[in-house]
Amino acid sequence: MVTYIMWVAPFGVFGSVAAAVAKHGFGIFSLYANYLFAFAIGIIVLWIILLAVGYLFLGKRLFILLQRIKSPLLIAFSTTSSEACFSKIS
């Protein structure tokens, strides 16, 4: 079922964007750009806050922790799922 949804989802997104452009014109892309920019700024601010709080609790050991969890974090963000980081139990 997930495979089917992943194949059909781009058509749904295209239809949604096409409907927004048809209703509001091409100016809607500036609204989308502003939204994406605000989202990126929010994520950056969140990471700064999280790293600052982590530094308050761990001090310089925060950087050691970040080095040790670098690989699982990369997998989690690249697959957009933390399930990929879990070891499989057989």
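The basis for the numbers below is simple: all heavy atoms, side chains too, and nothing from hydrogens, waters or symmetry mates. Model, not experiment: these values are computed from the prediction.
Residues passing the side chain to side chain contact (heavy atoms under 4.5 Å, CB included) test with Trp47, sequence neighbours excluded: Ile43, Leu51, Phe77. Taking Val45 as the reference, Ile41, Ile49 meet the side chain to side chain contact (heavy atoms under 4.5 Å, CB included) condition, with sequence neighbours excluded.
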Could you list the donor-acceptor pairs under 3.5 angstrom formed by side chains in residues 53-62, with sequence neighbours left out?
| residue | atom | partner | partner atom | Å |
| --- | --- | --- | --- | --- |
| Arg61 | NE | Leu58 | O | 3.3 |

Do any side-chain atoms of residues 3-14 form donor-acceptor pairs under 3.5 angstrom with protein atoms, and if so which ones, sequence neighbours left out?
none

Distance-only check: which donor-acceptor pairs under 3.5 Å involve side-chain atoms of residues 27-39, not counting sequence neighbours?
| residue | atom | partner | partner atom | Å |
| --- | --- | --- | --- | --- |
| Ser30 | OG | Gly27 | O | 2.7 |
| Asn34 | ND2 | Ser30 | O | 3.3 |

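Hydrophobic cluster membership of Ile48, counting Ile, Leu, Val, Met, Phe, Trp and Tyr whose side-chain heavy atoms lie under 4.5 Å apart directly or via other members: Ile44. In this structure, Leu50 belongs to a hydrophobic cluster whose other members, linked by side-chain heavy atoms under 4.5 Å apart, are Leu46.
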